[in-house]
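Down below is the structure, laid out as C-alpha cells.
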Amino acid sequence: MKPRHKRMVLILAALAVLGVAAMLVLNAFRSNLVFFYTPTQIANGEAPHNKPFRIGGLVKTGTLHRDGVTAYFTVTDTSKDTIVKYTGILPDLFREGRGVVAEGRIGDDGQFTASEVLAKHDENYMPPEAKSAVDQAQQAMKTLKP
Amino acid sequence: MLSVTQLTCQRGERVLFEGLNFELPEAQWLHVCGANGCGKTSLLRILTGLAEPVSGTISWNGTAIGEKREVFHEDLLYLGHQGALKEELTPLENLTLSLGMEGYTRGPKDVAEALHQFGLRGREHLPVRFLSAGQRRRVLLTRLLLRPARLWILDEPFTALDVHAVAFLTEKISAHLETQGTVVLTSHQPLTLAHGQAITL
Amino acid sequence: MSAFFVPFKQSVQRDLLLAARHKTELITALFFFVIVVNLLPLGVGPDPELLRKIAPGILWIGALLATLLGMQRMFAPDHADGTLEQMALSPQSFTVLVAGKITAHWLVAGVPVVLMAPLLGLQFDLSARSLWVLTLSLLLGTPVLSLIGSVGAALTLGVRGGGVLLSLLILPLYIPALIFGAGAVEADLAGLSIEGHMSLLAALAVLSAFFGPWVTTFALRIALE
Amino acid sequence: MNAPLINWYKFSSPATFYPLAAKLIPWFTAATILLAAVGLWISFFVAPTDAQQGEGYRIIFVHVAASWMSMFIYCVMAFWSAMCLSFNARLSGMMASALAPTGAMFAFLSLLTGSLWGKPMWGAWWVWDARLTSQLILFFLYLGFIALQSAIDDPRRADKAGAILSLVGVINVPIIYFSVQWWNTLHQGASVSMTKSPSMAQTMLWGMLIMALAFWAYSITMALLRVRCIILEREMTNEWVKKNALE
C-alpha cells in the first residue's frame, strides 16, 4: 500500500470510528441517564424500585404543609404529581413554585420519603422589582386569556 | 548512500556537536571516534531516527529518513548499548521473537545454526540470565547473520568479546562491505578494515 | 491486512510468553482484586442490603486498581533493556506492535478480572442477571482501562516516581469508564434499562481502541528520544 | 517585497519574546487592577439583590468568571500544546506550562466558590452531578499536567509529554460546558450563552463580564511573568540571556 493510500484509509477509519461513537452516544442520550427523575417518569414506572433515587420538579403551589418537623409537599412537572415527605430542615431557597431535587425512596405505602432535599434554582437572575413586574405581566397574560 | 548535512546535537543545555557533514557511499564504513561522553551514541541514535537532531538532515539513498520510515527501517539494523535480550528467555527464543517483530520468520534450525557460528553451541536452550556478558553480546550480534539489512549501525560492537569473536565479527563486517553494505560503528579499538573513513567528534 | 495481523499476533504472543514466565505477576493482579473486594465488606459491615448497593462500585474500583497495578510494567522492562528501541526501528508499524502489547496487557490483567468478577459478585448476593451485566460491563470497560492506561504508562516511562505519577494522570481519565460501568450494574439492580450506560461504555471502548495505540506510540517516541 | 504586518516568527523566539513580555506586563497588570476594582464595585454595590437568592447570589461574580477562565485556559493550553507538537516551537511549550498553574487555581476557585454557594442555596456543599464531577476532573487534569512536567528533567520531553496529556484531556472541556444541557443536573443552566439573550439583569451581567475580563487580564499577566521565568531558566547558557536579561 502506498503511503498516500494508507493515509486515506486511516482518515476514513477515523471518521468511521467517530461516527460509530457519536451514534452510541446519541443512543445513550435517548435512554435514561439522569441525575433525577421527573414525576411523569415515576408514574410511568421508569424510576428505580426498592432503591433510593432522586426526584426533581417544581414544588406545587399551596401543597406545602408541616406536621411538627415533618414537611409534606407535592412535586410536579405540570403533568404528573408526586407527594414527598421529609423530616428535617428545608434549604433557604425552598419555596412553593420553585425547583427542587429530593433524594429518597418510595416506601411500601407508595409515598416518596426523602432523606435529603436540595433546592434547584434556575439561571435567571434579576432584582425583586423586575421579578414582580415579570410575575405581574404573566398574571395579566393569564387573565387576558379566555 | 547515507548522507548527513549540517547536523547539530544538543543534550540538555550542552551542544555536543555542530554542523556535522559526511557522506557514506555503499561498500564503505565509518568509524565514529571520540572520548567518552562526546556524543557518539547520540549521533548513532540520531542516524537511526530514534532521536531528533536540533537541526540538520539525514538522508538514506536520497530520501530523508523520517519521510519513508518503514522503507528506511527495512534497510537498517541497529545494535545499541543495551542488549534487548530478555533474561528469562533462551537465546533461541529471544532471537526468534525479535526477528518476528521485524517481520522475518526463521526456523529454529537457522537460528541455532547462526548461534553455533558465533560460538554458542550448547547454549541455545539456556535462559539468557545464565550467560556471561560476552556470551550475551554474541547472542545479540547473531542478529547480523539472521536479519538482512544494508545499513548496519553498531554501537560498541566489540565490547566484552574475546579475540576469536572480535576476529569473527571483523570478518563478518568486511563480508558485509563486500556485498555493497554500509556500516557505521563506534569502537575504542583500532580496526583493520579497508574502505573506511573516520570522524572524530 | 496481513501487514496488520502478522506483527500484531507476533507482539501479543511475545508478551504472553513473557507473562507465562512471570506467573507471579499474573496472579498478583487477580489476588489483589480478590483481596480489595473482600476487604471492603469487612470495613463497612455485613449488612446484605448495603453490600448489594455498593457491590457495583466496589467490584469496578477493584477491577480498576487491579489493572492499574501492572500498568507501569507494560513498557518499562522493554524500555530498560532496549527492546522498545528495536520495536521502534522495526520495518513493521510501531503502532501495530504497541497495539499488540496493549492487547497482551488486557489478556493478562483484564480478562482474569472479568472472569473472576461474577464469582465475587456472588459474595455480594447479586442476582444472576446483574452478574451478567457486571461481566458484560467489565468486558467492555477493561479494554478501555488498558488503552487509556497505556498512554499514561508511555508518558511516565523512565520518569522518577513514575508509578505514583501514572495513577495521578490516569485515574481522572478512568472516571467516565467507572461511572458508566458501575452505573450499568446499578441501573440493572434498580430494575432499569442498561442500554444508556452500555452505549456510552461502548463509545468509550471504540474511541480508545482506535486512538489509544496511536497516542501511546506518539508518547513512546518522545520517551525514546 | 510585501512585508507582513507583524512578523510572527520573530516573536516565536524566546529571545525576542522575553523583552516583549516585559513591555506587556505593566499594561496587563494595570488592566487587571482597574477591571477588578470596577468589577468588584459593581458586584457589591451596584448590582441589585436577586429576587430568588437575595444577597447570596453575589458569589456568582467570582464563581462564573473563575469557571469560564478554568475552561478557557485549558483550551488555550491545548492550543499551545498542539502548536508545540506540530511545529516543534519551544515558546509554545513554555506558554502551555506557564498557563497551567493559573488554570489550576481558577478550577479550584470555581469548585470552592461553587460549594460555598451550593450550601446556602441548594442545601449541599457538594453533589455528584455531571457539571460538578467534570469540573473536578478538570482540576485533576491540571494537577496531572503540572506533576508530569515537573517530574521530567529534560525540558523538551516535558513539553511534549505535557502537550499529549493536555490534548487527551481537552475532550473534557465540552463535556463540562454542555453537561447542564445534556443531563438534567442540579446545577442550573448557563445564564449567558451564544444562542440566546442572557437571562439576567443588565447590571449583573456587566458585573460578571467585567470580572471575567479582570480574571482574563490577570491570567495573561501571570502567564507572561511565568513564561519569562521559564525562558530564563531554560536559556541560562545562551549568550543573549547573559548579555541582556541578567544585567
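Chain identifiers are assigned alphabetically (A, B, ...) following the order of the sequence lines, protein sequences preceding nucleic acid strands; residue numbering begins at 1 within each chain.
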Take the angle between the ring planes of Tyr37(A) and Phe53(A) and call it parallel below 30°, perpendicular above 60°, tilted in between. perpendicular
pair Asp81(A)-Val75(A): side-chain heavy atoms closer than 4.5 Å: no
Would you say the side chains of Asn27(A) and Ser199(C) form a donor-acceptor pair under 3.5 Å? yes
Could you tell me which non-hydrogen atom of Gly56(A) sits nearest to which non-hydrogen atom of Pro39(A), and how far apart they are? O-CD, 3.4 Å
Look at the side chain of Tyr174(C) and the backbone N and O of Leu145(C), then say whether any donor-acceptor pair between them is shorter than 3.5 Å. yes
Contacts with chain C made by residues 10-20 of chain A (heavy-atom distance under 4.5 Å), listed by residue number: Leu10(A), Ala13(A), Ala14(A), Val17(A), Leu18(A), Val20(A)
Between OG1 on residue Thr216(C) and CD1 on residue Ile148(C), distance to nearest 0.5 Å: 10.0 Å
Classify the ring geometry of Phe5(C) against Phe8(C): parallel below 30°, tilted from 30° to 60°, perpendicular beyond 60°. perpendicular
For chain A, which residues of residues 98-123 of chain C have heavy atoms nearer than 4.5 angstrom: none
Is the CD1 atom of Ile83(A) crowded by more than 12 outside heavy atoms at less than 6.0 Å? no
Please tell me whether Tyr86(A) and Tyr72(A) form a close aromatic pair, meaning their ring centres lie under 6.0 Å apart. no
